[in-house]
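Numbering of residues begins at 1 and proceeds along the displayed sequence. Scope of the values below: all heavy atoms of this structure, side chains included, with no hydrogens, waters or symmetry mates.
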Amino acid sequence: MTAVYKDEEADWLTVCLKYLLFVFNFLFWVGGVAVLGVGVWTLVEKSDYLSLLASSTFAVSAYILILAGSMVVVTGFLGCCAVIREQKSCLSMYFFCLLVIFLIELVAGVLAYVYYQRLSEELKQHLNQTMTDNYAQPGREAITLAVDRLQQDFKCCGSNNSRDWMVSVYVSSKQAEDRLVPDSCCKTITPHCGNRDHPSNIYKVEGGCITKLEQFLANHLLVIGAVGIGVACLQVCGMVFTSCLYRRIKMEPY
C-alpha cells in the first residue's frame, strides 16, 4: 500500500507540475509578446531620434529585446510540446532556450540601466554640436528631419534655448535666408516663419530640447529595463518548474 501511495503521490506531483508549466508558458508567451512589442515600439515610435544620439546603446537594447521577444514566442510553443510529450530531451532543450533568453534579456536590461546613468552627460556633450553643425547640411538629411521632428514633437527650440541657433552653421549660411531659427521652431509652421523669434511665434520660453529628449529617452529606458528584467525573473520560475518536471518524469532517457 505504501508503494502504491507513493506512486500516486508522484503522479499527482507530476500532473501539478505539468499544469504549472502550462500556466507559466501562457504567461511566458504573453511576456514575450510584451517584450517584442516594447522593442518594436522603441524603434518605430521615435526612431528618428536615434540619429541624434552619439552611441548606439539605446538602439542595441531595443534590438536585443526584439530578438528575445521573438525567441520567447517560439519557445513558448516548444515548452507546450515538451510538457505534452513528457520527453526529457524536449524538456532539456526547453530549459536551455529559457536560459539563453534569460541571459539575453538580462543583458538588455543592464544595458538600458547603464545607458540611463550616462544619458544626460551624452546629450549635453553631443546634441548641441549635432544640431548646430549638421542641421540642413549636405548628406545630413536624416539629422535634419530628426531635429525638425524633435522641435515640433517636444515644442522646443535649440538644444538649450533658441539662442543656440545663432551660432549654427545653418543660420550663418545663405541657405537660411535671414532666418534666426529653423522653421520647425515655430508654433505654427509657415514658409520663413523662422525669420521672427518672438515668443509668440516660436518655442522660446518652453525650454530646450536636451531636457525634454532626456526625459523621453529616460522613460523609454526604464520601460526597456523593467520589461527585460521582469520577464527574465519570470523565466527563473519556468526553469525551476522545468527542472522539477524533468526529474519527475519516468521515461527512458533519449
Please tell me whether Phe96 and Leu67 are part of a single hydrophobic cluster in this structure, the criterion being side-chain heavy atoms less than 4.5 Å apart. yes
Can you list the residues that meet the side-chain hydrogen bond (donor to acceptor under 3.5 Å, both in side chains) rule with Gln215, with sequence neighbours excluded? Asn219
Applying disulfide (SG to SG under 2.5 Å) as the test, list every pair that has at least one member in residues 93-144; sequence neighbours left out. none
Taking all non-hydrogen atoms of both residues into account, name the closest pair between Asp183 and Cys193 and its distance. OD1-N, 3.4 Å
Applying ring-ring contact (aromatic ring centres under 6.0 Å, His included) to Tyr170 and not counting sequence neighbours gives Tyr135
Across all chains, not counting sequence neighbours, the side-chain hydrogen bond (donor to acceptor under 3.5 Å, both in side chains) partners of Asn128 are Ser159
If you round to the nearest 0.5 Å, how far is CD1 of Ile189 from CD of Gln152? 3.5 Å
Test of understanding: with side-chain contact (heavy atoms from CB on, under 4.5 Å), list the residues that count as partners of Ser162, not counting sequence neighbours. Cys157, Val181, Ile202, Lys204
Verify same cluster id: Phe102, Val33 (apolar side-chain graph, 4.5 Å): yes
Please collect all salt bridge (Lys or Arg N to Asp or Glu O under 4.0 Å) contacts where either partner lies in residues 205-215, sequence neighbours excluded, each pair once. Lys187-Glu206
Are Tyr203 and Phe216 connected in the hydrophobic side-chain network, where two residues link if heavy atoms are under 4.5 Å apart? no
Looking at residues at least two apart in the chain, or sitting in another chain, which of them share a side-chain contact (heavy atoms from CB on, under 4.5 Å) with Leu36? Val40, Ile66, Ser70
Going by side-chain hydrogen bond (donor to acceptor under 3.5 Å, both in side chains), name the residues that satisfy it together with Ser184, two or more places apart in sequence or in a different chain. Asp148, Gln151
Looking only at non-hydrogen atoms, find the nearest pair between Trp165 and Gly158 and report the distance. NE1-N, 3.2 Å
Minimum heavy-atom separation for Gly208 and Cys156, please, with both atom names. C-CB, 3.8 Å
Restricting to side-chain contact (heavy atoms from CB on, under 4.5 Å), what partner residues turn up for Val169, sequence neighbours left out? Asp133, Gln137
Sequence neighbours left out, what passes side-chain hydrogen bond (donor to acceptor under 3.5 Å, both in side chains) with Thr190? Give chain and number order. none
If you round to the nearest 0.5 Å, how far is CZ of Arg140 from OG1 of Thr130? 8.5 Å
Please name all residues satisfying side-chain contact (heavy atoms from CB on, under 4.5 Å) with Val30, sequence neighbours left out, ordered by chain then number. Phe26
Arg196 CZ to Asn201 CG distance, which is reported to the nearest 0.5 Å: 5.0 Å
Which salt bridge (Lys or Arg N to Asp or Glu O under 4.0 Å) pairs, counting each pair once, include a residue from residues 160-177, with sequence neighbours left out? Glu177-Arg179
Rounded to the nearest 0.5 Å, what's the gap from OG1 on Thr211 to CG on Asn161? Could you check? 10.5 Å
So, taking the atom named CG in Leu98 and the one named CG in Leu103, what distance separates them when rounded to the nearest 0.5 Å? 11.0 Å
Measuring from atom CG of Asn134 to atom CD of Gln129, what distance do you get when rounded to the nearest 0.5 angstrom? 7.5 Å
